[in-house]
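This report concerns only the one structure given below.
Everything numeric here is computed off the predicted structure, so don't read it as measured data. A, B, ... follow the sequence lines: proteins, then strands. Residue 1 opens every chain.
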Amino acid sequence: MDVLEKLTILTDAAKYDAACTSSGGSRTSKKGYIGNTSTAMAGCCHTFSADGRCVTLLKVLLTNRCVYDCKYCVNRRSNETKRTAFTPEELADLTINFYRRNYIEGLFLSSGVFRSPDYTTELMIQALSLLREKHRFNGYIHAKAIPGTAPELVERLGFLADRLSVNIELPSEAGLKTLAPDKTKGAILAPMRQIQTRNRQSREELVKYRHAPRFAPAGQSTQLIVGATQDTDFHILRLTQGLYDRYSLKRVFYSAYVPVTEHALLPAKDVKPPLLREHRLYQADWLLRFYGFRADELLDEKNQDFDTRVDPKCSWALAHLEFFPVEVNTAAYETLLRIPGVGVTSARRILSARRVGPLHIDNLKKLGVVMKRAQYFLTASGKMADGFRFTPDSVLRGLIAAEQPLLPQQEMVQLSLFS
Amino acid sequence: MIFGEFLSLMDVIYYYDGSFNGFLSCIFSSYACKEVPAGIYSGEDSAYTLFDSRIIRTNPDHADRVLRKITALSPEAAVLLRRGFLTCLPDKELLLLRLIYKLLREGPVFLRNRSDKTFYPVIKAVQHLNGEVHLLKGFVRFSDLGGVLGGEIEPKNRVLPVLGGHFCSRFHNERFFLYDRTHKEALFHVPGRSVIRPLADFQMAPPDEAEARYRLLWKRFYDTIAIKERENPRLRMSNMPKRYWNTMTEFQGEEHFVSPPAKDTFAPPAIQISLPPPPGEHNKSF
């Protein structure tokens, strides 16, 4: 089989993985090597595919042969599909040639479980060593750690890659038991713990010895599938919070389940992927990581799922009207961050600008505050916008209208004059 | 439009050579003559006949004095001035001049307040430039032309001085060039050295077989990675505006992916990349 066909099959099999970022790495260019990782905090998108998702890395599987039979997965053993595998040379050649042409920021290598987790990981290590040592590749590499791999192999993988990830996929143990009978919670969490520990040790060693080898310097991430099981948003968000707190994950990705198979335990094939739900979870995820929110502030036992009409921050604000309005000239940074329409950047700008002189309502837009949302929740020098009146009802309507054009998966209903 | 108590608007237009040093010389002249020009234009800009005009000669010594003074007052302002000069902001010279006057009069405190009347248009334009640079770090596409990498871009701002640093560090062992179609200039890099030079016209050589093959592989990857059920052209367009598509491999027509049959008469015009004469032209501090 030629490389073009292999690339097609192994890309098609890898596309459901949501993670495709190159953030958090910091490789400066190195003599005799090609490449570096972007110095900016954010990663670098090289293109956007027709579904609007960022393409940063060459995201492929090493092989789509798999001994597991996870019901939700296109690569499950029982699925009749064409199977193939890259040789380490083919993969390294593709990566380096794509990289030189600036098509990609690096490689995202995942794989089906071929023979055993250990055997597969050894193949991955072979390919990555070739890339790093023979081709002198100094760009970004994201590699999958497969649950059940021997710790020594995960260790070697971690010194070759910038980021490792172990995908949890199904957010509850019950889901795992029914849909992924070959995986267990313990087997997934063990390498996560190992990566966390090794990453911390490596950071400590770096403080003492400047040239100490770096273990997965961009940390680890994971992915949760949304909509394949009955798990609620509250459950998923609490799990996320736990992963950030206890496993120091850099990112949790959410992947709206795209039905790929008919199975009694899974949504039917004509069910659309729950894109809006995925979107709300990402919004909430940002609130956890950058805005100082906790999972149980956003949802609770009574409200287990997000409001589809407004985003989680607005939803929180509407439930806590006693917190508002916030006076932007005096409020603390953490308080500013709670105002809908104020983000990390605009909150910092407010802090900086108000040291020069008092802020007025008409300054705020120039500082990057989204007034369509924020106008209900703040005052500047004691005042809201001139002649601005609202009731709790009109706030909700205003907030819904403000976000509407930005939402995914909209069934556009065109009003016709003639119907 | 009164900038300082001792300055008033004079009916005079400055012309300069379009270089950064030339612009700094304009600032010097304006300050030395205690006059604020009604416009500052580089040679190519449209003639303006209502006012007296004066041609400002570029004086490296004056330029240096201006830049040193600004850097001493605020290093951030110096960066802002350099970057601001690269933007596509209409009347950028005049807006930057106003910023400098305010800086000299009041000190750098107002630069903390983004909503400041003088500061806002400049920072907005600089952010537009920075944003374009950030996107282009990803969207630039190179072709391997017999060992030399070549790429083309069509930016709104003059991004090469800023963008160049990124690619020079990433591909420091490679020979490459990047052509800016909008501003008709190109960045040339050989290991250890790089320059930006005006280049009136440029035509990319057709791909050889290996190059065409990798282009095709990339196109296939791009088409395959999208999830059909999630198709969202609007989202793609807002993340990656169409004006960038022109120079990106994955949006090219079929002929982009085949190498033309070799002809005996076909002279390899390719690109002679035997450059660059004077070093230090490409200023990394942008």
>> Determine whether B/Asp144 and A/Arg100 satisfy the following criterion, side-chain contact (heavy atoms from CB on, under 4.5 Å), listing intermediate values before the conclusion.
In response: CA-CA 8 Å; B/Asp144 188 330; A/Arg100 279 186 75 225; 2.7 Å; yes

> Between B/Lys228 and A/Asp12, is a salt bridge (Lys or Arg N to Asp or Glu O under 4.0 Å) present by the stated rule, with each step listed?
Replying inline: CA-CA 11 Å; B/Lys228 205 172 74 257; A/Asp12 197 45; over 6 Å; no

>> Could you go through B/Tyr214 and A/Asp93, starting from their C-alpha distance and side-chain angles, then the distance that decides it, and tell me whether this counts as side-chain contact (heavy atoms from CB on, under 4.5 Å)?
In response: CA-CA 10 Å; B/Tyr214 284 113; A/Asp93 177 73; 2.7 Å; yes

> Stepwise, does the side-chain contact (heavy atoms from CB on, under 4.5 Å) test hold for A/Leu4 with B/Leu217?
Replying inline: CA-CA 6 Å; A/Leu4 186 65; B/Leu217 281 163; 3.6 Å; yes

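The line from NZ of B/Lys117 to CG of A/Asn363 is 11.0 Å long, rounded to the nearest 0.5 Å. Separation of atoms NE2 (A/His46) and CE (B/Met240) is listed at 12.5 Å; rounding is to 0.5 Å. For the atom pair OG (A/Ser49) and CZ (B/Arg230), the distance works out to 9.0 Å, reported to the nearest 0.5 Å. Atoms CG and NZ, on B/Asp116 and A/Lys366 in that order, are 8.5 Å from each other to the nearest 0.5 Å.
For chain A, the nearby parts of B/Asn239 are the backbone and the side chain; heavy atoms of each come within less than 4.5 Å. When heavy atoms are compared at a cutoff of 4.5 Å, B/Met237 does not approach chain A at all. Only the side chain of A/Val60 has a heavy atom closer than 4.5 Å to any heavy atom of chain B. Contact of B/Thr249 with chain A is made through the side chain alone, with heavy-atom distances under 4.5 Å. Of the atoms belonging to B/Phe139, heavy atoms from both backbone and side chain fall under 4.5 Å from chain A. Heavy atoms closer than 4.5 Å to chain B are found nowhere in A/Glu5, neither backbone nor side chain. The parts of A/Tyr103 that come within reach of chain B are both its backbone and its side chain, each placing non-hydrogen atoms under 4.5 angstrom from that chain. Of the two parts of A/Asp17, neither the backbone nor the side chain holds a non-hydrogen atom closer than 4.5 Å to a non-hydrogen atom of chain B. Residue B/Gln127 touches chain A through its side chain alone, counting heavy-atom pairs closer than 4.5 Å. When heavy atoms are compared at a cutoff of 4.5 Å, B/Arg220 approaches chain A solely by way of its side chain, counted from C-beta outward. Contact annotation for A/Ala14: neither backbone nor side-chain heavy atoms come within less than 4.5 Å of a heavy atom of chain B. Proximity to chain B is limited to the backbone of A/Tyr33, based on heavy atoms less than 4.5 angstrom apart. Heavy-atom distances place no part of B/Ile123 under 4.5 Å from chain A, backbone and side chain included. Residue contact with chain B, scored on non-hydrogen atoms closer than 4.5 Å, involves the side chain of A/Leu7 exclusively. In this structure, chain B has heavy atoms under 4.5 Å from both the backbone and the side chain of A/Leu58. Heavy-atom distances place the side chain of B/Phe167, and not its backbone, under 4.5 Å from chain A.
A donor and an acceptor atom, one from each side chain of A/Asn36 and B/Ser169, are located under 3.5 Å apart.
Side-chain contact between B/Arg170 and A/Glu105: present, with at least one pair of heavy atoms (C-beta onward) separated by less than 4.5 Å. B/Phe221 places none of its side-chain heavy atoms less than 4.5 Å from the side chain of A/Thr8. Annotation: side chain of A/Phe48 is not in contact with side chain of B/Tyr222 (no heavy-atom distance under 4.5 Å). When side chains are defined from C-beta on, A/Val55 counts as touching B/Ile225, because their heavy atoms get closer than 4.5 Å. A heavy-atom distance below 4.5 Å is found between the side chains of B/Asn113 and A/Leu367.
Using a 4.0 Å cut-off between charged nitrogen and carboxylate oxygen, A/Lys269 and B/Glu229 do not count as a salt-bridge pair.
Of the listed residues (B/Arg236, B/Glu211, B/Glu250), the greatest number of heavy-atom pairs within a distance under 4.5 Å of chain A belongs to B/Arg236. Between chain A and the residues B/Arg215, B/Glu174, B/Lys124, the largest count of heavy-atom pairs under 4.5 Å involves B/Glu174.
A distance-only check finds no donor-acceptor pair linking the side chain of B/Arg114 to the backbone of A/Arg349 [under 3.5 Å]. Under a 3.5 Å cut-off, the side chain of A/Asn102 and the backbone N or O of B/Val140 do form a donor-acceptor pair. No donor-acceptor pair closer than 3.5 Å links the side chain of A/Asp51 to the backbone N or O of B/Ala226.
A pairwise comparison of heavy atoms in B/His172 and A/Lys31 identifies CE1-CA, 3.8 Å as the closest pair.
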